[in-house]
Each structure stands twice: as structure tokens, then as C-alpha cells.
> 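Just dropping this structure here.
Keep in mind that the numbers below use all heavy atoms, side chains included, and drop hydrogens, waters and symmetry copies. Numbers restart at 1 for each chain; the letters A, B, ... are given by sequence-line order, proteins then strands.
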Amino acid sequence: MTDRYNPHAIEPKWRERWEESRIYAAPDDDPRPKWYALTMFPYPSGDLHTGHWYAMAPSDVAARYRRMLGYNVMFPMGFDSFGLPAENAAIKRNIDPKEWTYHNIDRMRGQLKLMGASFDWDREVITSDPEFYKWTQWWFLQFYKRGLAYEAESLANWCPGCQTVLANEQVIDGRCERSDDLVERKMMRQWFFKITAYADELLRYDNIDWPERIKTMQRNWIGRSEGAQLKFAVDVPAVSEPLTVFTTRPDTVFGATFMVIAPEHSLVDRITTVEQRGEIDAYVVATGRTTEIDRLSTEREKTGAFTGAYAINPFSGERIPIWIADYVLVTYGTGAIMAVPAHDQRDFAFAKKYGLKIVPTYDHPDVDTTKPLEAPYAHGGRMINSGPFDGTPEADAAAKVVAQAESQGIGEGAVTYRLRDWSVSRQRFWGAPLPFIHCPTHGTVPVPDSDLPVILPENVEFKPTGQSPLQLTEEWVNVPCPVCGEPAKRETDTLDTFMCSSWYQMRYADPHNPERPFSKAAAEQWFPVDQYTGGAEHAVMHLLYTRFFWKAARDMGLVEGDEPMKRLVNQGVILGPDGNRMSKSRGNVVAPDDQVDKWGADAFRCQLMFVGPWDQGGPYNPTGMSGIVRWLNRVWTLVVEPVRLTDSAPPEETKALRRTTHKTIASVTEEIANFRFNTMISRLMEHSTAMQKARDAGPVDREAWEEAVRTALLLTAPLAPHITEELWERIGQPYSIHLASWPTADPAFAHDDEVELVVQINGKVRDHVTLPAEASEADARAAVMALPRVAELVGDSVPKKVIYVPGRLVNIVF
RNA sequence: GCCGAAGUGGCGGAAUGGCAGACGCGCUACGUUCAGGGCGUAGUGUCCGUACGGGCGUGUGAGUUCAAAUCUCACCUUCGGCACCA
């Protein structure tokens with residue numbers, strides 16, 4: 001029996017050995033510099049899928065690379081195990097969500113281990129464990145005590161049939177997925193975190209290395225706008241307080257010819273006249289069935305309804321009508337706008353439709369402002385129709401108007417954000433209970449720290465309506481008030497699972513601490529995360545929440561530094577072989593366990609990284625797997641099969657082999673450090689081919705060959721940990737290759753003696769010329785001009801110019 | 001709709017201002033005591049040409065540049081996110 005590469009024979013063996021010898025455990029006390037490598041933890045949906053491998057295997061490669069560079073690497077893994085699917089399973093199959101979740105975790109942990117990743121399982125964190133969510137609740141109370149948590153009304157999807165709040169994904173075409181009832185948007189009491197208090201700081205990314213696209217998306221999500229808040233008196237006897245609007249264009253206030261307030265605005269009810277009541281009520285109901293995405297569409301026709309009430313423009317003194325319209329959102333600014341149809345597209349469309357007045361407030365070279373406007377224009381020259389401000393240039397206008405508003409107490413400069421405060425309460429069962437008790441005498445009382453965690457009840461009954469069983473579990477709900485001991489009731493809302501994932505990375509540093517979320521020493525040892533990896537789909541929400549959480553924790557004195565994750569790399573989405581998202585209904589799912597059975601974990605890891613650039617994702621191509629398998633076989637053969645070695649090989653050949661080896665070290669190091677795994681593998685394949693050629697050409701220099709073999713294994717070790725470990729042992733190296741040092745390229749060996757220049761004439765490639773590497777510009781020009789082909793094409797004409805790019809090309813231009 | 005990306009051979013992709021198609025799959029031919037989805041060598045964008053060579057070619061249209069897949073503008077298509085999926 002020949003000694004063939006058989007992944008199934010070697011992979012389980014080495015995984016066992018790694019686990020026994022605990023080479024991936026990250027000691028808290030270790031003289032090496034620390035490196036905290038973190039990849040987003042999975043939701044235990046039941047089955048590990050290729051997307052998990054796609055996210056985690058390359059993250060493991062990066063972690064292994066850091067370990068070989070000499071870092072004390074912590075690379076933990078856990079489960080984000082609270083959430084909706086467990087409840088759906090509970091309702092559908094009558095299983096306890098806890099049982100379902102922990103069964104899935106056990107299964108997925110086993111599947112994860114097949115990957116051969118260097119996870120430190122001693123640090124595993126499971127967010128639905130009371131020992132974890134005790135601290136999620138504790139964090140909530142810290143935010144509450146610091147004034148960062150508050151209660152307010154906000155819109156929620158409400159199913160009137162189920163009498164329950166629905167997640168967006170439970171709403172299908174405006175209907176409840178379970179009962180098919182029409183879903184309403186209803187204002188409900190919710191708990192919020194004041195993330196907007198940190199908005200300005202969240203816009204800064206000092207000293208962190210995050211992708212530009214993620215920073216841009218976050219900046220746009222936060223959406224900082226500068227402008228002013230202006231107060232408009234409401235001409236309704238029963239309403240004494242003014243209607244406050246936010247505007248980015250206070251300079252156009254004289255053109256504010258009507259007001260629009262959100263249909264959910266608290267004033268709507270009080271200002272609507274008897275005659276308009278019917279129309280307004282109908283419009284409010286219709287808006288409740290419209291999604292926010294539709295409401296914000298710039299294409300959709302504007303609709304609205306007149307309240308019958310009027311406001312007074314504080315600058316022009318004009319009495320202007322108040323409308324409601326769904327393009328104004330209660331969640332943005334003050335939920336009310338002054339409409340300036342002359343200078344805003346949406347207001348213009350609205351005014352046209354409902355025949356409202358349009359007053360331009362700027363002159364403009366292309367617009368005749370004495371005639372009815374055909375289109376709005378955002379900017380102009382000098383103010384007109386603006387009383388005392390007429391003639392003011394636009395550049396000074398906003399400041400002047402705001403100054404006057406401030407001096408008269410009718411407004412002030414203001415900043416607003418598109419970002420809304422983070423709603424953290426959920427009307428669900430499978431989450432960490434909000435630690436409050438409602439007492440008839442003392443109101444909302446926080447659960448004392450000593451009584452944490454508030455543990456979810458077990459063996460509860462799920463009704464098919466989707467209502468949280470917490471409300472129905474009497475013995476859990478009815479408790480004495482912590483202040484007076486009189487009968488009181490527990491809060492039945494639970495915390496958003498984003499809250500768990502906002503601080504899980506902190507817990508990994510000290511996962512079993514019963515006294516606090518983590519010790520000071522653990523924080524000092526491990527924070528912040530050096531390298532965070534995960535899906536780009538988390539660009540805004542999770543990645544903003546966790547930054548906010550960290551900053552709040554910093555201000556509580558619990559962590560140091562301004563950012564939780566120094567460097568971020570986001571992978572793209574791995575698709576099925578047909579280029580579509582993998583789904584059971586499409587039948588294009590590639591199950592990782594099957595791939596491991598077929599090809600081995602090393603080959604599957606490599607193929608996932610070889611199919612394309614990691615940050616872009618793309619189709620997984622199982623037919624291409626044979627290329628990776630062939631390559632791994634070639635590596636195996638190169639190491640295992642006998643090679644004719646000598647101490648007297650031709651020096652040029654030895655030099656060439658060493659050059660290839662050292663060039664490969666340089667390029668592979670560059671690629672792996674920048675998460676370019678596809679090209680990293682290409683470089684390694686080229687190296688294998690070069691080794692094969694050297695071997696087949698005749699006896700090879702012993703030292704150069706052995707260097708090539710060791711280098712190939714070391715550079716491949718992060719990608720394919722099993723086969724390289726096996727071969728490392730076979731060449732007599734000490735256990736383990738994963739604790740060995742990453743090789744360094746010696747420029748003296750990598751250096752090229754010659755360079756090839758491209759010769760272009762008028763930008764078209766016409767020839768090539770090989771020169772000594774140290775040739776000067778003059779040498780290069782002379783060599784090019786001396787080429788027969790150049791002489792032939794140039795003839796007697798005199799070039800207009802000749803462009804020389806060192807090491808690359810000479811372009812002769814006529 | 002809004003925000004962010006991406007579009008290159010038969011396929012996955014490489015090249016981030018300087019030789020388009022690295023590396024790999026597939027295909028073709030040849031070799032191999034190779035009975036199979038093994039291994040090796042060569043070829044493989046397209047059109048003209050026996051060949052040397054040349055024309056065209058990176059979603060579409062314009063532009064900047066000695067030089068554009070790469071930069072700029074407009075458009076088309078696909079993907080990720082849009083606040084209770086995680």
C-alpha cells in the first residue's frame with residue numbers, strides 16, 4: 001500500500017491531539033504579546049452551514065498566522081442563543097425553547113470542531129446561560145442607573161388577532177404570518193438606550209482600522225444634520241404649546257407656506273377640526289399599514305390630509321395650514337416639518353397636488369421668481385420675499401435667521417440625527433428578562449443586583465398565538481416588591497438579543513467570573529479586540545451597538561480606550577453553486593459536513609478561501625474542489641516521496657529555487673496579513689509547481705530543498721492545519737507546526753537579477769526587453785532604442801516624448 | 001426608494017493607473033502496463049493570417065491620461081442593509 005494522502009486518516013487524529021495538548025488555550029498570564037482574534041458567534045439555528053465555515057475558517061487562518069508570529073492568541077467561540085426561532089420551534093413543535101436551543105448548540109459545537117479551527121473552547125460563552133444573562137441584566141441596570149435607559153412610546157407591528165407584537169420578518173405583505181390578520185403599526189411603551197447621546201463620537205473612527213465602506217454606511221446611518229428648531233404657534237384655542245419643527249434650511253423660513261406633521265404626532269388628535277376628523281382618522285389608519293421603506297420612497301406619490309388647523313409662521317406672520325402626511329416620520333427630528341415647496345422636492349410635489357402656496361425665498365439666474373415655479377430649486381443667490389433679510393447671500397442666511405430666532409426666543413440652532421435611540425425591550429419569551437418589578441406603590445423598581453439573574457421560568461406553555469408565556473406564568477410574574485414587600489408584578493418584556501452580542505466579546509476575557517462581568521485584570525490582559533471578523537450584513541446595527549456599548553462602559557469606568565475592536569474585516573456572502581443565496585427551497589445548499597466527509601476539512605477550508613476574494617463573497621463551486629485536492633496531494637507527494645538530493649547542484653538552479661521560496665514567503669505573508677486568501681493559495685500553488693520542476697530537473701541542493709519543504713508547510717499551516725501537522729511530523733520536526741514560527745523572507749535570496757520591461761509605442765505593446773536589475777534609466781532608454789523592432793517601427797521620426805516607468809515599461813509617443 | 005458594494009474568457013477569479021485573463025475548474029490533443037472521476041506535457045478570449053504578426057476585447061455610453069478593468073460623470077443589472085431575523 002502506497003503512502004497516499006488520506007485526510008480521513010489524519011484529520012481526526014490531529015484534532016484529538018490538539019485538544020488533549022490544549023495548544024490553542026490562551027493563558028491569561030503569558031509573556032508573549034496578546035492578540036485577541038474574534039469572529040462573530042453563530043445563532044444556534046440547528047445546523048452549521050457553509051456560511052459559518054465561510055466566516056470562521058478564514059478567521060481561523062488569520063488567528064493561526066498571529067500565533068505563528070509569536071502572539072498569545074485568544075480566539076474564542078460561543079453561541080448567540082436567545083432569539084425568535086427558538087420560540088417558533090416551541091410553538092410549532094411543542095418543545096421547550098431551552099431544550100431546542102441547547103440541543104442545537106451541542107450539535108453545532110460538534111460540527112464546528114470538524115473545522116479544525118484553533119478555538120479556545122474553555123472560554124465558550126452561551127448568551128442564554130443564566131451565568132451570562134445575569135450580566136446582560138446587570139448591564140441593563142447600569143445603563144438605567146446612569147440615565148442611559150429610558151421608557152418611551154414607539155411604533156411596533158401589532159397583530160390584533162394574536163394580540164402580540166410581531167418582528168418585521170413575521171409580517172408578510174402587511175399580514176401576520178401566523179394568523180393572516182392585517183398588521184397595524186401601534187405606539188407602544190418600550191425601553192430605549194440613549195445611543196444618540198454618543199452619535200457624534202460614533203461618527204469618529206480615530207485609531208481604528210475599519211473598512212471605508214463600513215464607516216461610510218455607519219456615518220450615513222447616523223445621518224447627522226445641522227439646522228435649527230423653530231417654534232410655530234398653533235392657532236387652536238386648546239393648544240397652548242408651540243409646534244416645534246426641525247429644519248436644515250432655516251434660511252428658507254419665509255417660504256414655509258404650510259406645515260406637515262407625522263400622522264402619529266401627539267398633536268394630531270387635539271388640532272383636528274370636526275369637519276376634517278373623518279378624513280384624518282382614515283389617513284392615520286392607512287398610514288399604520290404602510291411600511292417605513294414605502295413611506296420614505298422618493299418615487300411614491302405624496303399623500304396627506306388637512307387637519308383643518310393653522311399655525312403662524314413666526315417670521316412671515318402668515319397663517320399657514322397644518323397637514324399630516326406619511327412622508328414625515330415621527331421618529332425623525334421633531335416629527336414635524338415646515339414645508340418650503342419652493343426649495344424642497346417633496347414639499348413641492350405635495351404643494352402641487354393639494355394646491356398649496358409656493359413662495360421662493362432666493363433669486364436664481366435660471367428662474368423667473370415672479371412666475372409660478374415649474375420645479376423647486378435647492379439653492380439660490382440672495383434672499384427675496386424675506387422681509388428684513390432680503391438681499392442676504394445664501395452663505396450668510398442660515399446664521400442670520402437662526403440668530404434672530406434665538407434673540408426672539410422662537411428657535412435655536414440644532415443638530416439632529418437619523419439614528420434613533422436603540423429600542424432594547426421585546427415582547428417575547430426567549431430572551432433575558434428585563435430586571436424590573438412593577439409595584440402599585442413604588443412604580444418601576446429595578447431588581448437588586450443581589451437578586452440577579454432573573455431566571456426565565458421553565459416548562460411554560462406556548463400558545464399558538466405567539467403571545468409571550470411570561471405573561472401567563474402567574475407564579476413567575478407575582479413577586480413581592482423589593483422596596484415594600486407588598487405584592488407586585490415582574491416586567492414581562494425581555495431584552496433585545498443585540499444586547500447580548502454587544503458585550504459578549506468582553507465576557508470571553510473572563511467567561512466564568514461569578515462576581516462581575518469580567519475582572520479588571522482580564523480586561524487589561526485582553527481588551528480591546530485586535531481583529532474582528534464577520535459578515536458585512538452587520539455593518540450598521542450590531543457594529544454600532546457594540547461600539548456604543550463599549551463607550552458607555554468606558555464612561556462607567558469599566559473598560560479603557562474608546563473602541564472595542566481595533567481592526568475589522570467583513571467577509572461577503574457565500575452563495576450556492578448557482579450563484580444564489582443557499583436555501584432549501586432552491587435546493588442549492590452545500591452542507592459542510594458532507595464536504596468534510598468527501599474531501600476532508602483541509603480541502604474544504606482551502607476551497608472556500610480559493611473561490612474568490614473573501615470580502616466579496618460569491619458562489620461556492622464544489623466542482624472546482626478537485627483543483628484544491630490535487631494541490632494538497634502534490635504537497636503531500638513533494639514531502640513524502642523520495643527526492644534525489646545532492647550537495648553539488650548547479651548554483652544557478654539552487655539560487656532559483658531559493659529565490660522562489662523567499663519570494664513566496666514575501667508574497668504569502670503580504671496576502672495573509674491582508675485577508676487575501678484566494679491569491680495566497682495561488683502563490684502557494686505556484687511554489688509547489690516550482691518545487692516539482694526543480695525536483696524533476698535532477699538532483700536538488702539538499703539545503704535549498706529542505707528549506708523549500710519547511711517553508712511550504714509553514715506557509716500552508718494556517719490554511720490546512722491537519723495535513724501540514726502530519727507532514728511536519730514526518731519530516732522530523734517537533735510538535736506542533738502551529739506553534740512554530742512564521743518564516744521571514746530574506747531579500748538577498750528573493751532578489752531578482754534581471755527585470756523585463758514592456759516596450760510600448762503609442763501605448764501599444766510592441767516588444768519586451770530584459771535588463772539587469774540595477775540598469776539605470778539611461779541604460780533602459782538606450783536598450784529600447786537599440787531594439788530592431790523599435791528601429792523598424794520608429795524609423796526616422798522623432799518621438800514627441802518617451803515615458804519611462806522604472807521596472808515596468810518604456811512608452812515611445814509620437 | 002434610500003445607504004453601501006459588485007459587474008472581466010465556457011466557469012470561479014487575477015491584475016487598483018503601466019503586458020488583461022495569474023491561479024484553478026472545464027475543454028482539446030498527446031504521453032503514461034492508466035481498465036473507472038489517476039498522473040504528466042502542451043494548448044485554450046475573439047477575429048484575420050500557413051506563419052511572423054495584426055485588429056478587437058473587462059455591463060452600456062461619454063470623458064480625463066502618453067497609458068484606463070482600474071480615475072470622473074451618466075445609465076443598466078445583481079447583491080448586502082434599512083432599526084422586533086441574527
Side-chain angles (χ1 to χ4, degrees), chain A residues 40-43 45 80 82-85 88 154 156-157 165-171 190 211-214 216-221 223 291-300 331 418-428 496-498 500-501 535-542 544-545 570 572-573 575 577 579-581 607 610-613 615-621 623-628 630-631 633-634 637 676 678-679 681-686 689 692 696 756-768 799-803 805 807-814:
Chain A
M40 292 176 188
F41 61 166
Y43 177 79
S45 52
D80 189 13
F82 273 136
L84 194 59
N88 288 338
S154 99
N157 300 313
V165 173
L166 299 179
N168 287 339
E169 72 158 19
Q170 296 176 299
V171 182
Q190 305 284 2
E212 228 28 74
R213 62 170 166 161
I214 304 293
T216 305
M217 273 192 264
Q218 291 202 345
R219 285 197 190 101
N220 291 335
W221 182 264
T291 67
E292 205 161 284
I293 289 174
D294 284 339
R295 287 176 64 168
L296 285 170
S297 169
T298 51
E299 297 277 289
R300 196 159 150 269
T331 49
R418 207 188 73 96
L419 177 71
R420 314 207 277 257
D421 275 339
W422 172 13
S423 160
V424 291
S425 50
R426 296 289 181 270
Q427 290 69 54
R428 312 210 168 277
D496 178 14
T497 57
F498 272 124
C500 314
S501 54
E537 67 273 20
H538 293 292
V540 280
M541 304 185 62
H542 162 61
L544 264 182
Y545 292 147
N570 286 114
V573 179
L575 304 171
N580 290 306
R581 195 178 249 288
Q607 176 64 3
F610 188 58
V611 287
D615 61 347
Q616 278 170 37
Y620 174 70
N621 181 4
T623 61
M625 179 62 91
S626 43
I628 286 291
R630 275 177 204 150
W631 170 57
N633 269 304
R634 279 160 64 205
T637 310
R676 292 192 297 256
N678 55 333
T679 43
I681 293 173
S682 299
R683 299 290 90 82
L684 288 167
M685 286 173 166
E686 284 169 338
T689 307
Q692 261 177 329
D696 296 343
E756 191 187 48
L757 295 187
V758 169
V759 180
Q760 292 185 336
I761 292 175
N762 284 332
K764 299 218 176 245
V765 181
R766 287 296 180 248
D767 207 350
H768 296 85
K800 228 191 286 176
K801 58 175 155 179
V802 177
I803 287 150
V805 183
R808 288 207 185 263
L809 60 66
V810 173
N811 187 10
I812 303 165
V813 185
F814 292 102

> How would you label the contact of A/Leu296 with the nucleic acid (heavy atoms, under 4.0 Å): base, sugar-phosphate, or nothing?
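Sugar-phosphate contact only.
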> Below 4.5 Å, heavy atoms only, C-beta onward: do A/Asn762 and A/Phe814 meet side chain to side chain?
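Side-chain contact under 4.5 Å: yes.
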> Write down the protein N/O and nucleotide N/O pairs, taken from nucleotides 27-34 of chain B, whose separation is under 3.5 Å; answer none if there are no such pairs.
none

> So, using salt bridge (charged side-chain N to carboxylate O under 4.0 Å, His left out) as the criterion, who are the partners of A/Arg300 when residues are at least two apart?
A/Asp326
> Could you please name the option among B/G13, B/G4, B/C19 that lies closest to any side-chain atom of A/Val758?
B/C19
> Rounded to the nearest angstrom, tell me the gap between atom CD1 in A/Ile761 and atom C1' in B/G18.
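For the pair A/Ile761 CD1 and B/G18 C1', the rounded distance is 16 Å.
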> Compare side-chain N and O positions of A/Asn220 against OP1 and OP2 of B/G4 and report whether any pair is under 4.0 Å apart.
yes
> Taking the same atom, P, in B/A15 and in B/A86, what whole-Å distance lies between them?
37 Å
> Mind checking ring pair (Phe, Tyr, Trp, His ring centres under 6.0 Å) for A/Tyr545 and listing every partner two or more places apart, or none if nothing turns up?
A/Trp422, A/Phe498
> For the side chain of A/Val805, starting at C-beta, report the closest nucleotide among B/G18, B/G40, B/G13.
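The answer is B/G18.
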> With a 4.0 Å cut-off on N to O distance, would you call A/Arg581 and A/Glu537 a salt bridge?
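A salt bridge is absent here (no side-chain N lies under 4.0 Å from a carboxylate O).
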> Output the pairing pattern of RNA chain B as a dot-bracket string, 5' first, Watson-Crick or G-U wobble with both distances under 3.5 Å, | for cross-strand pairs, [ ] for crossing pairs.
(((((((..(((.....[....)))(((((((.....)))))))((((....))))..(((((..]....))))))))))))....
> With no hydrogens and no angle check, just 3.5 Å: does a side-chain donor-acceptor pair link A/Ser154 and A/Arg420?
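Checked: A/Ser154/A/Arg420 side chains show no N/O donor-acceptor pair below 3.5 Å.
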> Looking at A/Ile803, A/Asn811, A/Asp767, which one forms a side chain to side chain contact (heavy atoms under 4.5 Å, CB included) with A/Gln760?
A/Asn811
> Where the side chain of A/Lys764 is defined as all heavy atoms beyond and including C-beta, which of B/G81, B/C56, B/C66 is the nearest nucleotide?
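Nearest to the side chain of A/Lys764 among the choices is B/C56.
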> Within the sub-3.5 Å range, which N or O atoms of nucleotides 23-25 of chain B have a protein N or O partner, and how far apart are they?
from  : atom 1 : to       : atom 2 : distance (Å)
B/C25 : OP1    : A/Arg630 : NH1    : 2.3

> Can you tell me the distance, in whole Å, between the CD1 atom of A/Ile214 and the P atom of B/A6?
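These atoms are roughly 12 Å apart.
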> Less than 4.0 angstrom from a charged side-chain N to a carboxylate O is my criterion; do A/Arg683 and A/Glu686 meet it?
yes
> Pairing donors with acceptors under 3.5 angstrom, does anything connect the side chains of A/Asn570 and A/Asp615?
no
> Do the side chains of A/Met217 and A/Ile214 get nearer than 4.5 Å, heavy atoms only?
yes
> Mind checking A/Lys800 for me? I need base, sugar-phosphate or nothing, with any heavy atom below 4.0 Å counting as a touch.
nothing
> A/Arg766 has a side chain; which of B/G55, B/C19, B/A22 sits nearest to it?
B/G55
> Give me, pair by pair, the N or O atoms of the protein and of nucleotides 82-86 of chain B that are less than 3.5 Å apart, along with how far apart they are.
from  : atom 1 : to       : atom 2 : distance (Å)
B/A83 : O5'    : A/Asn168 : ND2    : 3.4
B/A83 : N6     : A/Arg418 : O      : 2.8
B/A83 : N1     : A/Arg420 : N      : 2.9
B/C84 : OP2    : A/Arg426 : NH2    : 2.8
B/C84 : O4'    : A/Arg426 : NE     : 3.1
B/C84 : O3'    : A/Asn168 : N      : 3.2
B/C84 : O2'    : A/Leu166 : O      : 3.3
B/C84 : O2'    : A/Asn168 : N      : 2.7
B/C84 : O2     : A/Arg428 : NE     : 3.3
B/C84 : O2     : A/Arg428 : NH2    : 2.5
B/C84 : N4     : A/Gln190 : NE2    : 2.9
B/C84 : N4     : A/Gln427 : OE1    : 2.4
B/C85 : OP2    : A/Asn168 : N      : 3.1
B/C85 : OP2    : A/Glu169 : N      : 2.9
B/C85 : O4'    : A/Glu169 : OE1    : 3.1
B/A86 : OP1    : A/Leu84  : N      : 3.0
B/A86 : O3'    : A/Asp80  : OD2    : 2.5

